Asks: 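Got a structure here, written out as structure tokens. Questions coming.
To find a chain, count down the sequence lines: A is the first, B the second, and so on, and within it residues start at 1. In this text, all values refer to a predicted model and were calculated from it rather than measured experimentally.
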2 protein chains.
Amino acid sequence: MAEVKSRRGEYTEATRRALLDAAARLFTERGFARTSLDDVAADARVTKGAIYHHFSSKTGLFEVLFDEVEEQENDRARAAFAAASDPALGVLAALDQFLLACSEPEYGALVFREAPLALGWDAWRRCEEKYSYALLTDMLVALADAGRIPRHAGEALPSIAFGMLGAAGQLLIRTPPQDRERVRAECRLPFVALLAGLSSTTA
Amino acid sequence: MAEVKSRRGEYTEATRRALLDAAARLFTERGFARTSLDDVAADARVTKGAIYHHFSSKTGLFEVLFDEVEEQENDRARAAFAAASDPALGVLAALDQFLLACSEPEYGALVFREAPLALGWDAWRRCEEKYSYALLTDMLVALADAGRIPRHAGEALPSIAFGMLGAAGQLLIRTPPQDRERVRAECRLPFVALLAGLSSTTA
DNA sequence: TCAGTCACATACCCCGAGTATGTTCCCGAC
DNA sequence: GTCGGGAACATACTCGGGGTATGTGACTGA
């Protein structure tokens, strides 16, 4: 009976996945605002009732999607940071991983293009505090611990650095695929320069 | 008769101004999405018909408001930049002017918080290309001409620098007024560091 | 076998942007 | 002086989409 029960569970999980996949596709292609819940339901071969059975609202659906995508990517970036011998190198490794993720179709579009529009700035930042923003602040602390940058109080530096990441991600999103490698290289420059400039004021 | 005609013109201009003022107030306080056109019309003591007589749509109303606010502020920032003897000092002067403007109630909220949500990223960037973004690229060119930073091709640096401005502005918006002076000082640091880092790689 | 609940489908409500159509006032022409 | 017409709105309506309330069949557990 556990089998039958799990069978049923599998079926409902399948529609949930189909809804999430359809939402991911349509939100990245048409954008969050221009895709109705009926569109998502139709793409997943169900109706709007299924959506509201599995998710709380349109933004609720988006948040689940956001968490999925962002958690996966954040793990990779954090691993890249941790794998490096030096925190400064780790930051660049995590940055490269981030820029690479933004070159893929869904991640950047959902997390840095649609999320602010869908959730609003405050909710977006609250959601990001578990992921990119947390990783960023951790990296800044590690850099300060290693004496590579001065220790900063306040939220200005992490906020502005986060804004840099968002701008880089959005730039990559609207860059045609064949130019993305070059743009990724160009994007590294301001971050390297900022690091250099911060470390030079350590003394 | 020119007098009477202008009298009529004054009246219609008055309602147009009342609509723009009401929209500015409500959009900054409640946000663009959470204020209906009926709210704006009621606040201006007219009806929705007046709005669609003077403006093309809700986003059209917002764009006119955006242009008004942004043109005024952009002139000040550009003047601050031009007044300085050195382009590097000019950049900091323009930055200070910008941070000050974001500390006032309407400018930052409309231009950097509501505009992306109201217009979408693409339309927002198109609107900004006449103002902050243009000033920013002009300043980067001036810095390169003066040999203070290397000459960069590509759009990565201006895009990311623009992202920094947006993040700083948004941070100031959500900072309580009594803390804003301190936060402004904190915000200058990453820009100074970026400039220093860029100039150190000039050689 | 039957009550109950899960996993949806169907039908409906409501708000708000946009539109279509009045209505009033002024103005210039005859 | 009046009369056609257009400017400056007001009023009444449509329509799309998020959200809700209710129906329904299938499965499950007692």
Asks: Among residues 15-40 of chain B, which residues get a heavy atom nearer than 4.0 Å to DNA chain D?
Replies: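 B:Thr15, in order of number.
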
Asks: Report yes if a side-chain nitrogen or oxygen of A:His53 is closer than 4.0 Å to either non-bridging phosphate oxygen (OP1 or OP2) of C:dC6; otherwise report no.
Replies: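 No, outside the criterion.
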
Asks: I want to check one thing: is the phosphate of C:dC8, taken as OP1 and OP2, less than 4.0 Å away from some side-chain N or O of A:Thr47?
Replies: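 No, A:Thr47 has no side-chain N/O under 4.0 Å of OP1/OP2 on C:dC8.
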
Asks: Would a 4.5 Å heavy-atom cut-off, applied to side chains only, mark B:Arg76 and B:Leu100 as touching?
Replies: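 No, side chains not in contact.
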
Asks: How long is the line joining CD of A:Glu13 and C1' of C:dC8, in whole Å?
Replies: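 So the CD-C1' distance, A:Glu13 to C:dC8, works out to 15 Å.
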
Asks: Roughly how far apart are B:Glu186 CD and B:Leu171 CG, rounded to 0.5 Å?
Replies: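 If I round to the nearest 0.5 Å, the distance is 8.0 Å.
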
Asks: Would you mind reading off the distance between A:Leu61 atom CG and D:dG18 atom C1', rounded to a whole angstrom?
Replies: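 Atom-to-atom, A:Leu61 to D:dG18, this comes out as 13 Å.
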
Asks: Given atom CD1 of B:Ile51 and atom C1' of C:dA17, what is their separation to the nearest angstrom?
Replies: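 Atom-to-atom, B:Ile51 to C:dA17, this comes out as 11 Å.
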
Asks: Any idea how A:Trp124 and A:Phe112 line up, ring-wise: parallel (<30°), tilted (30 to 60°), or perpendicular (>60°)?
Replies: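 Rings of A:Trp124 and A:Phe112: perpendicular, as their planes differ by over 60°.
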
Asks: Only pairs at least two apart or in different chains count here, so list each side-chain hydrogen bond (donor to acceptor under 3.5 Å, both in side chains) that has a residue in residues 163-172 of chain A.
Replies: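 Counting only pairs at least two positions apart or across chains, no side-chain hydrogen bond (donor to acceptor under 3.5 Å, both in side chains) contact touches residues 163-172 of chain A.
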
Asks: Under 4.0 Å between a side-chain N or O of B:His54 and OP1 or OP2 of D:dA8?
Replies: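 No, because none of the side-chain N or O atoms of B:His54 sits under 4.0 Å from OP1 or OP2 of D:dA8.
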
Asks: Rounding to an integer number of Å, can you tell me how far A:Lys48 NZ sits from D:dG16 P?
Replies: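 Going from NZ in A:Lys48 over to P in D:dG16 covers 13 Å.
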
Asks: Any side-chain heavy atom of B:Leu165 sitting closer than 4.5 Å to one from B:Leu95?
Replies: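 They are in side-chain contact.
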
Asks: Rounded to whole Å, how long is the line connecting atom OH of A:Tyr52 with atom C1' of C:dA11?
Replies: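 Atom OH in A:Tyr52 sits about 15 Å away from atom C1' in C:dA11.
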
Asks: Indicate yes or no: at least one non-hydrogen side-chain atom of B:Arg30 is less than 4.5 angstrom from one of B:Asp39.
Replies: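 In contact.
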
